[in-house]
Amino acid sequence: MPDNLERPYQANQFERFARPMIWTVLRRHAVLMIGICILFFVVAYYVLKRLEPSYSAQSTVVMAQLDTRVRTTDVQLETFELSRVAIETQLDILRSREFAADVAQNMDLYTNTEFMPAPPPDQPVPPELRREQVVDKLLGSYSIARQGESLAIKIDAESHDARLAADIANTVAETYIAESDRDRQAGITRSIDFLRTRVTQLNEELSADEIALAAFVRENSLDDETLPNRQRADIERLQAIYDVVSGDDPTSTEAEELKGELDLARSDLLIRSRAELRLIGMERSLELLRSRYQSSIERLNELETQLQFVSEGARQVTIARIPSRPFWPNPVVILGGGIFAGAFLSVLLVALLEAMNTRIWSDGQISASVGAVNYGFLPKIKRRKLWDKKQELVPFFVDNPRSPYAEALRNFLTLWFNREGLGRVVLVTSGLPSEGKSTVAVSIALAAAREGLKVLVLDLDSYRLGASRTLGAVHSINSLEDAASGKVRPKALEIEGLPKDSISLLNVAVRSDASVKDESALLSELKSRIDPSYDLVLVDTPPILVVNDACRVGSLIDGTLFVVRWGRTRLEELQDAFEKLDMHGIEATATLINDVDLDKQRKYGYGTYSYYSDYSKAGYS
């Protein structure tokens, strides 16, 4: 492209069209998304009808804030406030298999075939295994949760039978309360039994010690309280006599006898003193034993009295009622979830389709892909009715001079001739067949002729002669040598509604027996023989990705117009075509998007300026 051919619009103006808003993308695929949502809704409805209803019942147990138990150190009742650890322990008990087994036993679930169907006769299940299966199912049918930091425990039970759900919730609560009270009563009862045994033992020990004490008193004459005084008096009397006798002759026989009697009296007094000391010890031990015996009796009486007045450890404040309607399946949740899943999947699918869709819908894609400037959008020529044949281009153009199609061509010519250096010999080509290049070439010729320009159409597509057929002037194909030598001349066409001799046509076969170098020279010679009176020369060639003919006309043309079909040409095809042109030294001057459906373009938000041309029908035609 020449240096002076800058893009007529800034990049950010195209970028706002290259990135369509999310709502426009979703609107383009609205039918697909609605279909997926309906499909998921139908599937959810089918699942909803197939699911077996489940019922939920709830009961609540509140634990006592204060608990009473027997203190093991002195076998006395004590009251303490429940801690978090104690509450969590109770929750673990409610979730235990042993507790669930008690609930199952109370509800007679082991033999309830409605709760757990009986195994087939040919596949018997051991009783132990069936019990474990019942416990597993029961544990899965209810849940235990503490409500915040309170002492309330919520029991939620679920079952396919409404009555069974309520029974499970109530039985769990009742079993827990009963077992809790039974455990407390059992603890106190064990303490009472211990105290009774202890009292009996202490009574026996006390009786034995009292008998031993009485025997000790009798054996040592400790019941005669005057005996010690008499013994002391005898000792004093003997001592006095011994002093008198021993004063005359200490070694006399009488003195010796008195001394022996005195020693014996003193020994008897010492034995009596020791017995009295031992008696005191025995009396103290007996008193201690008697005190222990009395204390045990008092504690036993206290426990026996308070046994019937111990407060409950928990109470049921909410009784589960038989639910009137199932909590699952929830139609709102399932149907809403189906619609949400369908919407989510449809959005992902739309995003995937958009990512995989490389078809060209806007000029922003062209600009971002190959950096070329798009010079216009040619609206699709629609049939008047579904059963009408496809309208012929020339009559349509002549009969609709102010149509959006004609206005788009007029806009293209304005851009082309307002840009300096584009030249008058224009190559009109495309990447693949059926892109509408021949139709575009003839359309530009008709629009230029209406503007008073003299136009020559060089039909170099000798395979299809698309331009010639569209103009209704199919003649024999002329060789390149004859056209370059001037033996054949362009033929003026008479088209009703257009100025006389405004459009001329010349069919030329680009392929010849000449070499590539000679062929280039022939094309240069043909260009020099083109009458200067022609304001615009449109060269129609085969698609460049299919046939190489268009790549050999570089010496003939001044500019290149690449035709893109809206919604059909892919970006990779466009890139390959531009790369091939660039490899042969031919630079694409501009693009022209053909066959644009203005209704879809406006509805689906393929942002371009072309859809504004449709407003010409409202008051400018």
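Just so you know, residue 1 is the first one in the sequence shown, and it goes up from there.
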For the [atom1] atom of [X] and the [atom2] atom of [Y], what is their distance to the nearest 0.5 Å?
| X | Y | atom1 | atom2 | answer |
| --- | --- | --- | --- | --- |
| S59 | I155 | OG | CD1 | 4.0 Å |
| I339 | F40 | CD1 | CZ | 12.0 Å |
| E283 | L286 | CD | CG | 8.0 Å |
| M116 | L109 | CE | CG | 9.5 Å |
| S96 | L139 | OG | CG | 8.0 Å |
| D193 | R198 | CG | CZ | 15.5 Å |

I'd like to know if the side chain of E572 pairs up with that of T358 as donor and acceptor (distance under 3.5 Å, no hydrogens or angles considered).
yes
Looking only at the side chains, is there a donor atom on one of Y176 and Q90 sitting less than 3.5 Å from an acceptor on the other?
yes
Counting N and O atoms only, with roles assigned by atom type, does the side chain of [X] sit under 3.5 Å from a partner on the main chain of [Y], one being a donor and the other an acceptor?
| X | Y | answer |
| --- | --- | --- |
| N170 | A320 | yes |
| Q365 | S362 | yes |
| R232 | E236 | no |
| N220 | L222 | no |
| N301 | I297 | yes |
| W566 | W361 | yes |
| T569 | R565 | yes |
| S367 | G364 | no |
| Y110 | A101 | yes |
| S285 | G281 | no |

Could you tell me whether the side chain of [Y] reaches within less than 4.5 Å of the side chain of [X], counting heavy atoms only?
| X | Y | result |
| --- | --- | --- |
| I188 | R190 | no |
| D108 | Q105 | no |
| I168 | F115 | yes |
| L349 | L353 | yes |
| K154 | D156 | yes |

Mind running salt bridge (charged side-chain N to carboxylate O under 4.0 Å, His left out) on R95 and D92 for me, showing each step along the way?
CA-CA 5 Å; R95 300 188 185 104; D92 292 336; 3.7 Å; yes
[atom1]/[X]: more than 12 non-hydrogen atoms of other groups inside 6.0 Å:
| X | atom1 | value |
| --- | --- | --- |
| Y46 | OH | no |
| K259 | NZ | no |
| E254 | CD | no |
| R230 | CZ | yes |
| F340 | CZ | no |
| R97 | CZ | yes |

Apply salt bridge (charged side-chain N to carboxylate O under 4.0 Å, His left out) to residues E302 and R299 and explain how you reach the verdict.
CA-CA 5 Å; E302 179 184 356; R299 293 171 187 172; over 6 Å; no
Take E287 and R284 through the salt bridge (charged side-chain N to carboxylate O under 4.0 Å, His left out) test and state the conclusion after the steps.
CA-CA 5 Å; E287 185 63 27; R284 289 177 179 176; over 6 Å; no
Go through D102 and T175 one step at a time and tell me if the side chain to side chain donor-acceptor pair (under 3.5 Å) criterion holds.
CA-CA 8 Å; D102 293 340; T175 303; over 6 Å; no
For the student: nearest non-hydrogen atoms of [X] and [Y], plus distance:
| X | Y | answer |
| --- | --- | --- |
| Y142 | L94 | OH-O, 3.0 Å |
| L571 | S369 | CD2-CB, 3.9 Å |
| D224 | R272 | O-NH2, 2.8 Å |
| P53 | P326 | CB-CB, 3.7 Å |
| V347 | M33 | CG2-CE, 3.8 Å |
| A104 | V134 | CB-CG1, 4.2 Å |

Would you check, one step at a time, whether the test salt bridge (charged side-chain N to carboxylate O under 4.0 Å, His left out) holds for R290 with E210?
CA-CA 10 Å; R290 187 177 291 112; E210 287 176 346; 3.0 Å; yes
Check step by step if side-chain contact (heavy atoms from CB on, under 4.5 Å) holds for F99 and E179.
CA-CA 9 Å; F99 178 80; E179 291 190 357; 3.5 Å; yes
Among all residues two or more places apart in sequence or in another chain, which pass the side chain to side chain contact (heavy atoms under 4.5 Å, CB included) test with P119?
V125, R130
Could you walk me through whether R321 and Q58 pass the side-chain contact (heavy atoms from CB on, under 4.5 Å) test, one step at a time?
CA-CA 8 Å; R321 306 297 180 183; Q58 183 181 108; over 6 Å; no
Let me check something: any side-chain donor-acceptor pairs from residues 238-245 under 3.5 Å, sequence neighbours excluded? List them with distances.
| unit_1 | atom_1 | unit_2 | atom_2 | d |
| --- | --- | --- | --- | --- |
| Q239 | OE1 | R266 | NH2 | 2.6 |
| Q239 | NE2 | D243 | OD1 | 3.0 |

Start with the C-alpha distance between D183 and S180, add both sets of side-chain angles, then the distance that settles side chain to side chain donor-acceptor pair (under 3.5 Å), and finish with yes or no.
CA-CA 5 Å; D183 291 343; S180 176; over 6 Å; no
For R146 and I87: C-alpha separation, side-chain torsions, deciding distance, then whether side-chain contact (heavy atoms from CB on, under 4.5 Å) applies.
CA-CA 9 Å; R146 182 185 178 188; I87 297 175; 3.5 Å; yes
